[in-house]
Visitor: 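Attaching a single structure in structure tokens format; questions to follow.
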Amino acid sequence: MTTLDDLPTPALVLDLGILKRNLARMAAAVARHPGVVLRPHMKTAKSLEVAALAAPGHGPITVSTLAEARYFAEGGYRDQIYAVGVTPRKLDAIAALNAAGAAVKVILDDAEVARAVAAHPGPLAALVEVDVGEGRGGVAPDSALLPELAAILGPRRPA
């Protein structure tokens, strides 16, 4: 019999009952807000099996690395947000994923990066990250940079 001590690390170990209960609670919380879509973050689980529970029917997800974006795109999860402020050097890889059928959207809070996205010849869509008061990143909601970034992105903004 295999025990936790026998597992090679790193290894994902989940209590399926707790996972399903937490997923149901998240879905219920989001369902109370019409128009809000649950987009679970897959950075910890990194698992197609968990994604199938968290985002049934290959629903929208959030990722933190290009490797995660590629893995989940290959597993049928097209609608993704790459939830780390993108850098211009990663745009080619993201555009290649999108050209292959994914729909990975990037986030940004910088005019230079917005110009790089706007000028990129590949299929890219970008969202402007807004600081919601946590001070972790993003543009302040009342900043003049917010409409400037939107104007720079123009049609690169997702519908």
Visitor: Taking all non-hydrogen atoms of both residues, which atom of Ala126 and which atom of Leu108 are closest, and how far apart?
Guide: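 For Ala126 versus Leu108, the nearest heavy atoms are CB-CD2, 3.8 Å.
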Visitor: Under the rule for side chain to side chain donor-acceptor pair (under 3.5 Å), what residues qualify as partners of Ser64, not counting sequence neighbours?
Guide: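 For Ser64 the side chain to side chain donor-acceptor pair (under 3.5 Å) partners, ignoring immediate neighbours, are His41.
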Visitor: Output all residues satisfying side chain to side chain donor-acceptor pair (under 3.5 Å) with Glu68, sequence neighbours left out; order by chain, then residue number.
Guide: Lys46
Visitor: Could you pull out all donor-acceptor pairs under 3.5 Å where a side-chain atom in residues 4-14 meets a protein atom, sequence neighbours excluded?
Guide:
from, atom 1, to, atom 2, distance (Å)
Asp6, OD2, Thr3, N, 2.9
Asp6, OD2, Thr3, OG1, 3.2

Visitor: Report the distance from atom CZ of Arg21 to atom CG of Leu23, rounding to the nearest 0.5 Å.
Guide: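 Output value for this atom pair is 11.0 Å.
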Visitor: Please report the interatomic distance CG(Leu127) to CG(Leu153), rounded to the nearest 0.5 Å.
Guide: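 Going from CG on Leu127 over to CG on Leu153, the span is 9.0 Å.
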Visitor: Quick one: side chain to side chain donor-acceptor pair (under 3.5 Å) partners of Glu49, sequence neighbours excluded?
Guide: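 With neighbours one apart ignored, the set is Ser47.
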Visitor: Do Met42 and Phe72 have side chains that approach each other closer than 4.5 Å (heavy atoms only, starting at C-beta)?
Guide: yes
Visitor: Which heavy atom of Pro123 sits nearest a heavy atom of Ala99, and at what distance?
Guide: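 Shortest heavy-atom contact: CG-N, 3.7 Å.
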Visitor: Scan for salt bridge (charged side-chain N to carboxylate O under 4.0 Å, His left out) pairs involving residues 140-154, sequence neighbours excluded, and state none if there are none.
Guide: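 Residue pairs passing salt bridge (charged side-chain N to carboxylate O under 4.0 Å, His left out), neighbours aside: none found.
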Visitor: Which atom pairs, one a donor and one an acceptor, fall under 3.5 Å between side chains of residues 109-119 and the rest of the protein, sequence neighbours left out?
Guide:
from, atom 1, to, atom 2, distance (Å)
Asp109, OD2, Gly138, N, 3.0
Asp110, OD2, Glu112, N, 2.9
Asp110, OD2, Val113, N, 2.9

Visitor: Using modelled atom types only, decide if a donor and an acceptor are shared between the side chain of Arg78 and the backbone of Gly101 within a distance under 3.5 Å.
Guide: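 Yes, Arg78 side chain to Gly101 backbone: donor-acceptor pair under 3.5 Å.
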Visitor: Holding to side-chain contact (heavy atoms from CB on, under 4.5 Å), I want the full list of residues that pass it with His58, two or more places apart in sequence or in another chain.
Guide: Tyr77
Visitor: Given the rule that I, L, V, M, F, W and Y join up when any side-chain heavy atoms are under 4.5 Å apart, are Leu91 and Ile152 in one cluster?
Guide: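 No, it is not one cluster - the side chains of Leu91 and Ile152 are not joined through contacts under 4.5 Å.
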Visitor: In the structure I gave you, are the side-chain heavy atoms of Leu146 and Val128 within less than 4.5 Å of one another anywhere?
Guide: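 In contact.
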Visitor: Please assess Leu48 against Tyr71 for the test side chain to side chain contact (heavy atoms under 4.5 Å, CB included), listing each intermediate value before the final yes or no.
Guide: CA-CA 9 Å; Leu48 289 172; Tyr71 170 75; 3.3 Å; yes
Visitor: Given side chain to side chain contact (heavy atoms under 4.5 Å, CB included), test Ile107 with Ile81 step by step and report yes or no.
Guide: CA-CA 8 Å; Ile107 63 170; Ile81 289 180; 4.0 Å; yes
Visitor: When the side chains of residues 24-40 are checked against the rest of the protein, which donor-acceptor pairs come out under 3.5 Å, sequence neighbours left out?
Guide:
from, atom 1, to, atom 2, distance (Å)
Arg39, NH1, Ile61, O, 3.1
Arg39, NH1, Asp79, O, 3.4
Arg39, NH1, Asp79, OD1, 3.1
Arg39, NH2, Asp79, OD1, 3.1
Arg39, NH2, Asp79, OD2, 3.4

Visitor: Side chains of Thr62 and Gln80: does their closest heavy-atom pair fall under 4.5 Å?
Guide: no
Visitor: Scan residues 87-101 for pairs that pass salt bridge (charged side-chain N to carboxylate O under 4.0 Å, His left out), counting only residues two or more places apart or in two chains.
Guide: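 Residue pairs with at least one partner in residues 87-101: there are none.
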Visitor: Who pairs with Asp131 by side chain to side chain donor-acceptor pair (under 3.5 Å), at least two apart in sequence or on another chain?
Guide: none
Visitor: Is any side-chain heavy atom of Leu53 closer than 4.5 Å to one of Leu16?
Guide: yes
Visitor: List, by chain and then residue number, the residues other than Ile18 in its hydrophobic cluster (Ile/Leu/Val/Met/Phe/Trp/Tyr, side-chain heavy atoms under 4.5 Å); write none if there are no others.
Guide: none
Visitor: Report yes if some heavy atom in the side chain of Ile94 is under 4.5 Å from a heavy atom in the side chain of Leu66; otherwise report no.
Guide: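 Yes, close enough: below the 4.5 Å cut-off.
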